[in-house]
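Here the structure comes first, spelled out in structure tokens, and everything after it is commentary.
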Amino acid sequence: MALRVYNTLTGKKEEFVPLEPNKVKMYVCGVTVYDHCHIGHARANVVFDMIYRYLKYAGYEVTYVRNYTDIDDKIINRANRDGIPWNELSERFIVEFDRDMAALGLELPTHQPKATEHIPEIIAIVARLVEKGHAYAVDGDVYFRVATFGDYLKLSGRNLEEMQAGARVEVDERKENPMDFALWKGVKPGEPSWDSPWGAGRPGWHIECSAMSMKFLGETFDIHGGGKDLVFPHHENEIAQSEAANGAPFVNYWLHNGFVNINSEKMSKSLGNFFTIKEVLKEYDAEVLRFFLLSAHYRSPIDFCDQNLFEADAGLERIYKGLAEIHRLLATEPGDGGEPADEGRELEERVAGVRERFREAMNDDFNTALAIAGVFDLIRLVNRVVAEVPLPGSRLRQLLEEARTAVGEIAGVLGIFTSLPTEYLERIKLQKSAGLAIAAEEIEALIIERAGARKEKNFGRSDEIRDYLLMRNIELKDSPQGTTWTVK
RNA sequence: GGCGGCGUAGCCAAGUGGUAAGGCAGAGGUCUGCAAAACCUUUAUCCCCCGGUUCAAAUCCGGGCGCCGCCUCCA
């Protein structure tokens, strides 16, 4: 089955056909670097990281561009408020962005251009638009003339009249049309500026993405991504600028990820209900967060709340426990424990089909929820086989090995289950232990005492110790290898 | 007001014509001294409601109700 993607431009799922066979050119709007990234940025970037990885897995040679918008009103305002130079602020938050993305386990895009390093390219596009009559200069500003671009609003499916009727913004009398937007902003006192044919000034928002995508990907490219909120005006304006300037189609497939809500409410600064990535990663492991973000389809809204993160944590732990079991078995000497006919055959079929199932899910507009369900199915079957055949023979061992490899490949695309299972479980245990009112040494000592009591069949004392620990959120697990503990 | 989306078990969540994936939580069972983990069974006669199309609809069409997003900076 071929890859199908939902294209915002057509409102339909379409078969993905790249401009050049086996090559994909993809641009994703990065961030305006004026503050720490929040959980919404995490989703957008994790989603497109997953898409980037899957396209590569599917055999495409991908050129992935993600920009930094490092000059903008918000940067200037914030820098003024903090009393620091604007570029000091933007540079600082570029570093912070990179840190957050690294913490989330993202792969680096092919290119990460900055707006301020492309001022000549920006000016060139604006000049061409003015030349072609698609833009006009007023008092040092340059505006895009929306009336000259017949396809304006084709992405968001609106029309100009209705937009104007519902407009909530003050009308700038200098604009020919209230919907005309700034390509270039004339300098104001105390603001950074660059020389241009229209006087000193700086780029408007939107134009930097047209300039950088064109430079790295050409006039027409395959995929442009970003959050749903960028459809209008940002992406709409990018289309207008780029297509009017080049006279060529800008992008073939527009992909937009859904929002993150917080406890079912829209995340917003006025409600004060947003979390930065750094805050969230103090509470939850990055892999748990990533698992949570990929457990729903990328276009659906997703609700960030303790219950859902708890479920993600539990689900991920289940998979890692299964993987840990495979690792443990394969590290032991081969047994002659037989090859149970039914389970063996079922496992054989499941392992043989797991990649195909994964591809089918991902080919359907990157259905990561379905892809993850496939992993759960495999893990359940592995657990069953392992429970029934404690010492698997060579054929079963081979199947387990193959299962591990297949999950490893899937893990590489999703960016989850990528840790060594025992390391992950240990990491989670450690993190959860931090909040305990009991020291690990005390727990260990009690486990030793309990082992003694059990040896003497003093189950009263044994259970007393277990209950004592359970009240402190410590769960014990007895096995032939001894007793281990986990944090509930 | 305009545009778009959503409504599937206690919760999260797949599923766009063929008779309801997966996870979390719950119940029963196997295992265990008892537990935990794991496994097995079980939890939606039905997919917001009402009509219609069809041999067949959660899936298509019409109407209604409810929720949400965008239209202003925003992933």
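In what follows, chains carry the letters A, B, and so on, assigned in the order in which the sequence lines appear, proteins first and then strands, with residues in each chain numbered from 1.
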Problem set entry | Integer-rounded Å distance: B:G23 P and A:Phe292 CZ | 19 Å
For this session: Looking at every strand, decide which applies to A:Gly258 at a 4.0 Å heavy-atom threshold: base, sugar-phosphate, or nothing.
Result: base
For this session: For A:Leu155 and B:C71, give me the distance from atom CG to atom P, rounded to whole Å.
Result: 14 Å
Problem set entry | Integer angstrom distance from the P of B:G63 to that of B:G2 | 14 Å
For this session: Can you tell me the distance, in whole Å, between the CD atom of A:Gln307 and the C1' atom of B:G26?
Result: 13 Å
For this session: Measure the distance from CG on A:Leu9 to C1' on B:G4 and round it to the nearest whole Å.
Result: 15 Å
Problem set entry | Interatomic distance where CD1 belongs to A:Ile302 and C1' belongs to B:G23 [whole Å] | 13 Å
Problem set entry | Separation between the P atoms of B:U72 and B:C3, rounded to whole Å | 16 Å
Exercise. Paired with B:U59: which nucleotide, if any, by Watson-Crick or G-U wobble criteria at under 3.5 Å for both distances?
Worked result: none
Exercise. Considering only the C1' atoms, how many Å lie between B:A13 and B:C47, rounded to the nearest integer?
Worked result: 13 Å
Seminar exercise, completed: When both distances are under 3.5 Å in a Watson-Crick or G-U wobble arrangement, the nucleotide paired with B:U54 is none
Write down the protein N/O and nucleotide N/O pairs, taken from nucleotides 14-17 of chain B, whose separation is under 3.5 Å; answer none if there are no such pairs.
unit_1, atom_1, unit_2, atom_2, d
B:A14, OP1, A:His297, N, 2.7
B:A14, OP1, A:Ser300, OG, 3.4
B:A14, O3', A:Asn367, ND2, 2.8
B:G15, OP1, A:Asn367, ND2, 3.0

Problem set entry | Lys NZ or Arg CZ of A:Arg472 over A:Tyr468 ring: under 6.0 Å, within 45° | yes
For this session: With side-chain contact (heavy atoms from CB on, under 4.5 Å) as the test, would you mind laying out the steps for A:Phe291 and A:Ile319 before giving the verdict?
Result: CA-CA 11 Å; A:Phe291 183 87; A:Ile319 286 168; 4.3 Å; yes
Exercise. So which nucleotide from B:C12, B:C24, B:A21 ends up closest to the side chain of A:Asp377?
Worked result: B:A21
Problem set entry | Check: A:Glu191/A:Trp86 side-chain N/O donor and acceptor closer than 3.5 Å | no
Problem set entry | Distance between P atoms of B:G23 and B:C34 (Å, rounded) | 28 Å
For this session: Please state how far atom CZ in A:Phe232 lies from atom P in B:U72, giving the value in whole angstrom units.
Result: 6 Å
Problem set entry | Option among A:Ile410, A:Asn367, A:Ile416 that satisfies the side-chain contact (heavy atoms from CB on, under 4.5 Å) test with A:Ile372 | A:Ile416
For this session: With a 3.5 angstrom cut-off on both distances, give the Watson-Crick or G-U wobble partner of B:G33, or none if there isn't one.
Result: none
Exercise. Looking just at side-chain N and O atoms, do A:Asp73 and A:Tyr34 make a donor-acceptor pair shorter than 3.5 Å?
Worked result: no
For this session: Specify the separation, in whole Å, of atom OH of A:Tyr152 and atom P of B:C71.
Result: 12 Å
Exercise. Can you tell me how far C1' of B:C70 sits from CE of A:Met267, to the nearest Å?
Worked result: 15 Å
Exercise. How is A:Asn308 classified with respect to the nucleic acid when contacts are heavy atoms under 4.0 Å: base, sugar-phosphate, or nothing?
Worked result: sugar-phosphate
Exercise. Is A:Arg66 close enough and on-axis enough to A:Phe48, meaning under 6.0 Å and within 45°, for cation-pi?
Worked result: no
For this session: Tell me, with the steps shown, if A:Met212 and A:Tyr27 meet side-chain contact (heavy atoms from CB on, under 4.5 Å).
Result: CA-CA 9 Å; A:Met212 290 184 275; A:Tyr27 185 95; 4.1 Å; yes
Problem set entry | Atom P, compared across B:A9 and B:G15: separation rounded to whole Å | 16 Å
Problem set entry | Opposite nucleotide pairing with B:U72, Watson-Crick or G-U, both atom distances under 3.5 Å | none
Problem set entry | Residue matched to B:C6 through Watson-Crick or wobble contacts both under 3.5 angstrom | B:G66
For this session: Look at A:Arg290 together with A:Asp49 and state whether they make a salt bridge at an N to O cut-off of under 4.0 Å.
Result: yes
Exercise. Looking only at atom P, what distance separates B:A25 and B:G17, rounded to whole Å?
Worked result: 34 Å
Exercise. Using atom C1' of each nucleotide, how far apart are B:A37 and B:U19 to the nearest Å?
Worked result: 37 Å
Problem set entry | A:Lys13 vs A:Asp364, salt bridge (charged side-chain N to carboxylate O under 4.0 Å, His left out): CA-CA, chis, key distance, verdict | CA-CA 9 Å; A:Lys13 270 188 211 171; A:Asp364 186 13; 2.9 Å; yes
Problem set entry | Pairwise 5' ranking along RNA chain B for A:Arg357 and A:Phe310, keeping only the more 5' one | A:Arg357
Exercise. Quick one: does A:Asp222's side chain have a donor or acceptor within less than 3.5 Å of a partner on A:Met26's backbone?
Worked result: no
Problem set entry | Inter-nucleotide C1' distance (B:C55, B:C50), Å rounded | 23 Å
For this session: Pick base, sugar-phosphate or nothing for A:Val260, based on heavy-atom distances below 4.0 Å to the nucleic acid.
Result: base
For this session: Determine whether the aromatic ring centres of A:His224 and A:Tyr253 lie less than 6.0 Å apart.
Result: no
Problem set entry | salt bridge (charged side-chain N to carboxylate O under 4.0 Å, His left out) between A:Asp478 and A:Arg450, intermediate numbers included | CA-CA 11 Å; A:Asp478 299 324; A:Arg450 179 166 168 276; 2.9 Å; yes
Exercise. Which part of the nucleic acid does A:Gly227 contact within heavy-atom distance under 4.0 Å: base, sugar-phosphate only, or nothing?
Worked result: sugar-phosphate
Exercise. Considering Watson-Crick and G-U wobble pairs with both distances under 3.5 Å, what does B:C46 pair with?
Worked result: none
Seminar exercise, completed: Paired to B:A27 by Watson-Crick or G-U wobble criteria (both distances under 3.5 Å) is B:U41
Exercise. Can you give one letter per nucleotide of nucleotides 32-44 of chain B, 5' to 3': B if a protein heavy atom sits under 4.0 Å from the base, S if only from the sugar-phosphate, - if neither?
Worked result: -BBBBSSSS----
Exercise. Checking all strands, does A:Ala373 fall into the base, sugar-phosphate, or nothing category for heavy-atom contacts under 4.0 angstrom?
Worked result: base
Problem set entry | Comparing A:Glu265 and A:Phe376 on RNA chain B - which has the more 5′ nearest nucleotide | A:Phe376
